[in-house]
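As structure tokens, the structure follows; a few thoughts come after it.
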There are 2 protein chains.
Amino acid sequence: MNKYDLIVQDIKQDISLGTYPAYSRLPSVAQLCQQYEVSKITINKALEVLEQQGLIFRRKGSGTFVKKLEEGTQIRPSKEVSGQMEGFMAEHTARGERVKSIVYTFEVQHPSEYIAKALDISPEDFVYRIVRVRIVDDVSQVIEYTYMPIGLIPNLKMKHLEHSIYAYIENTLELRIANAHRVIRAVMPTTLEAERLSITPNEPLLEVEQIGYIDDGRAFEYSVARHAHGYEFMTISMH
Amino acid sequence: MNKYDLIVQDIKQDISLGTYPAYSRLPSVAQLCQQYEVSKITINKALEVLEQQGLIFRRKGSGTFVKKLEEGTQIRPSKEVSGQMEGFMAEHTARGERVKSIVYTFEVQHPSEYIAKALDISPEDFVYRIVRVRIVDDVSQVIEYTYMPIGLIPNLKMKHLEHSIYAYIENTLELRIANAHRVIRAVMPTTLEAERLSITPNEPLLEVEQIGYIDDGRAFEYSVARHAHGYEFMTISMH
DNA sequence: AAGTGGTCTAGACCACTTC
DNA sequence: AAGTGGTCTAGACCACTTC
């Protein structure tokens, strides 16, 4: 673990315990350097992470302050702001929820031109096509259409789909998932989707189209997830 | 302008001109240090920015590589990944589009308890309540419900609403907008909204609920924007 | 004038990949 | 063994705010 990550965790804890209450000033960078026995750059990196997670704000010449948290915001011990890249399973089981999956489709086919482009492969390569509904605490939450190149993700089995594909990729294949590009839209469900999600056909869905990348830059996943039941996507943006 | 920002701009240009094509390796950090006559930390910071914008990826022990851009992705010369915090007006006029606003409501009132909490003010303070429809190239794109504390944003006038509130805040009031917390959902329009947006009542909208902050940590804006016509919200997340 | 955070340097050491 | 990016140090200088 890096020094700055440890400092991030420590300051996070101090904020969540109320040692540093909302609007209070953190010790100055110089003081934090002394306290943690590190150099200025290490403190700076830690504060940068905390700022990007929306927990503090920094004012040149003035100091670093604890942000007032909005109602219902939880300080996460993990690195993620809103649990984006952990995978569906990890995110929900971490909250103590029961997750099930119904797999409607699991086949291998040639990708459409659009998907081939997104994954940066040839239309003559093969991809898995997976259709799953994810069920959290007995409520159908989301229907996912996932495409993955078999060349990159070999030997994918039904049992992985029923649990976590991400765990298979990271633990068994030992690939490191790096980041994802997402496009978010509002859509209406098709008749089939409404049926599979047990919703009325006039409930809008939040569609998240995603291309996931591993750390060597290759796209390992193109997916479209359509979330029901007022699913919320949270994000923090810097000016 | 910082050194690293200049390097970011320069490398961006080299990528968009094809000097560094997709999948090619950038010069090593050491080489870039020589080339730009800066230290390693400066190059690192520049590459960090480019990575967060999704233009490159870095592999320890291996090098820094140009990412394959998805179809339709534009490299922006500005700092923003997806133009989140520039304000609606600036974002669209930058693209050469004509932007108009219809102001339906412009009044001062006490905030609801929920909005008072979001803005971290008392329910006895006053806020502007603004309802606007934004029209881009003669198409109604979005209806916005905006609440701002009059204590923080004094003397707001109709002419600002018709153009850019952000410009008024940054240029006239000289407040610096720092960041925003957003929650995104899919919703259906009300009958009134469908009318004002000139859409059918069964077209889903992308709702973006936002709290905007200035650089001293105070919330200057609570707003709910409901976007029509398949508006897309784009984001990049790191693992 | 004193304190603050932001940027930057020259250099060190490390884990990792193999250009 | 050589090259790579990532982290970290001790210290400098700067713009900014006034703790």
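This one's a predicted model, so the numbers in the text were calculated from it and none came from an experiment. Each chain gets a letter, A, B and so on, in the order the sequences are listed, and its residues count up from 1.
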Taking NE2 in B/His163 as the centre, count heavy atoms belonging to other residues, nucleotides or ligands within less than 6.0 Å. Is the count above 12?
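Not buried by this count: 12 neighbours or fewer within 6.0 Å.
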For B/Gln34, does the CD atom have more than 12 heavy-atom neighbours from other residues, nucleotides or ligands under 6.0 Å away?
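No, the 6.0 Å shell around CD holds no more than 12 heavy atoms from other groups.
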Please classify the nucleic acid contact of B/Ser28 as base, sugar-phosphate, or nothing, using heavy-atom distances under 4.0 Å.
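Sugar-phosphate contact only.
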Let's see if you can work this out: which of [options] has an atom nearest to the side-chain heavy atoms of [X]?
X       : options               : result
B/Lys60 : C/dA15, C/dC8, C/dT18 : C/dA15
B/Arg58 : D/dT17, C/dT9, D/dG6  : D/dG6
A/Lys3  : D/dG5, D/dC8, D/dT17  : D/dC8
A/Thr64 : C/dG5, C/dT17, D/dT9  : C/dG5

Pick the nucleotide of DNA chain D nearest each of A/Ile41 and B/Glu51; which residue has the one closer to the 5' end?
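That would be B/Glu51.
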Rounded to the nearest Å, what distance is computed from the [atom1] atom of residue [X] to the [atom2] atom of nucleotide [N]?
X        : N      : atom1 : atom2 : value
B/Asp215 : C/dG5  : CG    : P     : 14 Å
B/Glu48  : C/dG6  : CD    : C1'   : 14 Å
B/Gln34  : C/dG11 : CD    : P     : 13 Å
A/Leu175 : C/dT17 : CG    : P     : 12 Å
B/Glu174 : D/dT17 : CD    : P     : 11 Å
A/Leu47  : D/dC8  : CG    : P     : 13 Å
B/Lys45  : C/dT9  : NZ    : C1'   : 16 Å
B/Arg25  : C/dT17 : CZ    : P     : 15 Å

Just N and O in the side chain of A/Tyr4: are any of them under 4.0 Å from OP1 or OP2 of D/dC8?
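It does not, given that no N or O in the side chain of A/Tyr4 lies less than 4.0 Å from OP1 or OP2 of D/dC8.
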Using a cut-off of less than 4.0 Å, is there contact between a side-chain N or O of B/Ser62 and OP1 or OP2 of C/dT17?
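Checking C/dT17 against B/Ser62, no side-chain N or O comes under 4.0 Å of OP1 or OP2.
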base_contact_polar (D/dG11 base, A/Lys40 side chain, donor-acceptor, <3.5 Å):
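In this structure, the two groups form no donor-acceptor pair.
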Does D/dG3 have a Watson-Crick or wobble partner in any strand here, with both distances under 3.5 angstrom, and which is it?
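Partner of D/dG3: C/dC16.
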side-chain hydrogen bond (donor to acceptor under 3.5 Å, both in side chains) evaluation trace for A/Arg132 with A/Thr146
CA-CA 8 Å; A/Arg132 287 192 293 181; A/Thr146 307; 4.9 Å; no
B/Gln210 pairs by side chain to side chain donor-acceptor pair (under 3.5 Å) with which of B/His181, B/Glu144, B/Glu221?
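Exactly one candidate clears the test, B/Glu221.
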Please figure out whether A/Arg176 or B/Ile43 has its closest DNA chain C nucleotide nearer the 5' end.
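The residue whose closest nucleotide sits nearer the 5' end is B/Ile43.
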With distance as the sole test, does B/Thr172 use its side chain to make a donor-acceptor pair with the main-chain N or O of B/Ile169 at under 3.5 Å?
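Pair absent, no side-chain N/O of B/Thr172 close to backbone of B/Ile169.
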